[in-house]
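Here is the structure we will look at, set down as structure tokens.
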Amino acid sequence: MNQTARQDSLRIHKLRTSMSPRMRIAAGVLLVLSIALMLASNHWLTLRFSESLRAESQLRAALYSGNMVTLLRQQSLVPQLLARDPVLITALQSKDYTNTSQRLIEVAEDINVERILLLDQQGRVVASSERRELGAAMAEQPFFNTALRDQATIFTVTGEDNGGDIRFHYARKVTDGPNAIGVVAVEVDMRIVEMSWRNRNDMVAVTDASDRIVLASRPEWRNNTLTNVLASEPPPSNLRQAFSVQYRDTAEDNPYVFMDGQQLLRTEIKTGFRGWRLTFFATLQEVRTKVIGYLALEGLVLALLMAGLLFLANKQLQQQSRLIAEESDQLRLLNARLSNEIEERQKAERNLEVAEQSLEQASKLAAIGQMSAAVSHELNQPLAAMRTYLAGARLLLQRDRIDEALSSFHRIDDLLERMGKITRQMKSYARKGADTLVEVDIRDAVEGSLSMMAPQLGQTQVEIRKTMPNVPVRVLADPVRLDQIIVNLLRNALEAVTDEEQPMIDLLVVQGRQVSLSVRDNGHGIKDPDALFEPFYTTKKPGEGVGLGLAISAGIAKELGGRLLARNAEPQGAIFELRLPRADARAAQAAE
């Protein structure tokens with residue numbers, strides 16, 4: 001019989017691990033179609049997103065070109081105006097350049113140009129907005145010779161090879177009648193344009209009519225040709241080319257190029273200034289990211305289809321296995337044995353249910369004990385205050401100070417009302433969200449807690465220092481529970497500084513994204529911060545405390561949506577910080 005059962009089990013296992021030929025063909029066709037669809041989607045999505053990137057690149061290139069040309073053309077009028085300046089003409093005629101440099105400095109500051117030069121007929125700098133260049137010989141400079149020969153304002157570009165500084169000058173000759181008596185030159189600072197490109201992490205190059213790069217976001221490109229820059233890049237690997245964008249525009253001005261190991265879209269536009277062209281290189285990383293995102297979604301859908309096909313195949317195999325199971329006598333014997341095991345498990349579950357009920361009853365008894373201890377701990381504070389007020393009232397009555405004694409009795413009545421609120425709150429600990437929260441100014445809560453602690457504070461020499469804002473600091477809280485937390489923190493701080501020569505307690509209220517109340521003392525600090533908020537953990541002597549104050553305070557802070565934190569202070573003492581959400585933030589969150 002056991003041999004027959006093993007044979008039937010083996011047949012069922014083979015059936016479940018096999019797949020019909022029809023299902024195999026369907027799975028193969030779906031796999032081939034999925035690969036073809038992924039490749040086609042990759043090609044189509046790449047083309048679509050590349051067109052969007054091309055339009056954005058052309059827009060940014062046009063914007064950069066317009067800014068650059070505007071800056072250059074603004075400076076072209078400066079030499080024309082200065083060449084007609086009577087002060088400069090008189091200086092060149094009289095050879096007296098005493099105040100000429102100062103005038104050029106003022107003009108350069110007013111119109112915000114890099115440098116202004118005044119040269120005599122021999123090409124010597126006789127006045128400059130930068131005094132260190134006075135006396136320099138610039139007769140060989142292209143802008144000087146060209147300006148002397150031309151009647152209009154001329155523009156020149158000079159620079160060093162391979163990444164050196166390139167200077168841009170507007171120059172015009174100064175005439176006395178038909179005779180040229182000097183040249184005024186203005187240097188245009190184009191570094192701000194290049195700096196703006198670099199700050200945006202853009203790759204931009206400006207070439208003149210001879211393909212020489214005159215402006216670039218990369219300094220090493222200057223004075224080189226764009227053709228040499230692109231030719232110096234190593235060719236990409238075949239694998240990288242296979243997974244990169246293979247589409248190329250039919251025009252010659254927008255090819256895809258490789259640079260620094262990545263594929264870029266090159267966009268060239270005419271600037272309309274002296275045959276210059278601006279080339280903008282846009283990275284295709286964003287295109288690849290979008291394509292990959294769509295392909296991942298498409299792959300997920302295809303995977304779900306494949307999973308559905310496998311599910312149908314599995315359902316078919318399960319039906320066949322059930323037919324074999326119904327025809328097998330050995331399986332019926334196995335089912336009977338399985339039924340016995342199920343019965344035994346049900347019996348074990350019933351025993352487990354009885355044990356769980358016992359454990360639940362024990363937990364209820366433990367909760368009742370913890371609640372009783374908590375009530376005892378919370379009532380100790382008002383009882384101690386009542387004892388102090390009764391003693392004071394007795395002395396006041398003996399001294400026939402009736403009004404002051406009545407004030408003490410009123411305070412005792414307030415404390416009795418507070419004890420009633422505490423007992424009512426302890427009843428609500430078993431159910432969540434029973435209390436209604438209201439807006440409370442935490443400054444009033446601090447003042448009220450200090451007033452409640454006045455009898456204990458009056459018996460010590462501790463210095464209380466408060467730092468609170470001048471405006472209301474509102475939180476959503478239960479006023480009594482909030483007072484419980486603050487009084488507990490004050491009591492702990494007061495006990496911590498008992499043995500200090502100059503006891504001190506700092507209260508700090510800060511309002512930011514959250515409201516923070518910090519209570520700092522200069523006592524002995526915290527010995528075990530990890531166990532500080534555990535119930536019944538205490539460092540006090542027997543009879544002085546049960547170790548529930550901080551545990552209850554931490555629980556209340558959590559119910560109010562905040563946190564109670566503790567850490568040691570430097571050089572000594574401890575800091576307890578209560579963090580609560582602001583009332584307006586809680587209201588906005590509730591509205592959402």
List the steps and the verdict of side chain to side chain contact (heavy atoms under 4.5 Å, CB included) for V188 and L72. CA-CA 7 Å; V188 183; L72 288 169; 4.2 Å; yes
Ionic contact status for E577 with R520, cut-off 4.0 Å: no
On the 0 to 90° scale, with breaks at 30° and 60°, tag the F155-Y170 ring pair as parallel, tilted or perpendicular. tilted
Kindly indicate, with the supporting measurements, whether the criterion side chain to side chain contact (heavy atoms under 4.5 Å, CB included) is fulfilled by S101 and L134. CA-CA 9 Å; S101 293; L134 292 176; 3.5 Å; yes
So does D189 pair up with R191, basic N to acidic O under 4.0 Å? yes
Is a donor on one side and an acceptor on the other found under 3.5 Å between the side chain of D176 and the backbone of I181? no
Evaluate the side-chain proximity of V229 to I213: yes if any heavy-atom separation is below 4.5 Å, no if none is. yes
For D521 and A496, indicate whether the former's side chain and the latter's backbone hold a donor-acceptor pair under 3.5 Å. no
Nearest heavy-atom pair of L82 and L88: which atoms, and what distance? O-CD1, 3.4 Å
Could you pull out all residues at least two apart from S217 that satisfy side chain to side chain donor-acceptor pair (under 3.5 Å)? none
As an exercise, state the distance from OG1 of T460 to CD of E500, rounded to the nearest 0.5 Å. 13.0 Å
Tell me whether the count of non-hydrogen atoms from other residues, nucleotides or ligands lying under 6.0 Å of CZ in R103 goes above 12. no
Taking K466 first and then D506, would you say they form a salt bridge - that is, a charged N and a carboxylate O separated by under 4.0 Å? no
Spacing of E570 atom CD and R567 atom CZ [to the nearest 0.5 Å]: 10.5 Å
Test: side chain to side chain donor-acceptor pair (under 3.5 Å). Region: residues 138-155. Which pairs qualify, not counting sequence neighbours? T153-R172
Checking the side chain of S65 only, and the main-chain atoms of A62 only, is there a donor and an acceptor separated by less than 3.5 Å? no
Side chain to side chain donor-acceptor pair (under 3.5 Å) against D483, all qualifying residues, sequence neighbours excluded: none
With side chain to side chain contact (heavy atoms under 4.5 Å, CB included) as the criterion, how do N67 and L71 come out once you've worked through the C-alpha distance, each side chain's angles and the decisive distance to 0.1 Å? CA-CA 6 Å; N67 293 337; L71 177 61; over 6 Å; no
To the nearest 0.5 Å, tell me how far M203 CE sits from L264 CG. 5.0 Å
Where the side chain of Q572 meets the backbone of N522, is there a donor-acceptor pair that is under 3.5 Å apart? yes
Strictly below 4.0 Å, N to O, side chains only: are E559 and R481 in salt-bridge contact? yes
Whether the side chain of D120 engages the backbone of G123 through a donor-acceptor N/O pair (distance < 3.5 Å, no angle test) should be reported. yes
With a 4.5 Å heavy-atom cut-off, do V440 and R474 have their side chains touching? no
Return yes if some donor-acceptor pair links the side-chain N/O of E194 with the main-chain N/O of A216 below 3.5 Å, else return no. yes
Heavy-atom closest pair, residues A557 and I485: N-CD1, 3.9 Å
Keeping S129 on the side-chain end and I116 on the backbone end, is there a donor-acceptor pair under 3.5 Å? yes
Shortest non-hydrogen separation from P581 to V475 and the atoms involved: O-CG1, 3.5 Å
More than 12 heavy atoms of other residues, nucleotides or ligands under 6.0 Å from CZ of R84: yes or no? no
Side chain to side chain contact (heavy atoms under 4.5 Å, CB included), that's the test. Do V438 and L476 meet it? Break it down for me. CA-CA 5 Å; V438 297; L476 281 180; 5.8 Å; no
First locate atom CG of L482, then atom CG of L578, and finally report the distance between them rounded to the nearest 0.5 Å. 6.5 Å
Is there a donor-acceptor pair closer than 3.5 Å between any side-chain N or O of T467 and the backbone N or O of L508? no
Quick check: closest heavy atoms across L437 and D478, and the distance to 0.1 Å? CD2-N, 3.7 Å
Looking at N228, is its backbone amide N or carbonyl O close enough to the side chain of T225 to form a donor-acceptor pair, meaning the two atoms are under 3.5 Å apart? yes
Would the number of heavy atoms belonging to other residues, nucleotides or ligands and lying under 6.0 Å from CZ of R563 be above 12? no
Mark yes or no for whether S196, through its side chain, and V193, through its backbone, hold a donor-acceptor pair below 3.5 Å. yes
Find the distance between CD (Q121) and CG (L92) and round it off to the nearest 0.5 Å. 8.5 Å
Hey, could you give me the OH/CZ distance between Y64 and F280, rounded to the nearest 0.5 Å? 5.5 Å
Side-chain heavy atoms of I154 within contact of F143, under 4.5 Å: yes
Note, R200 side chain near R60 side chain (heavy atom, < 4.5 Å): yes
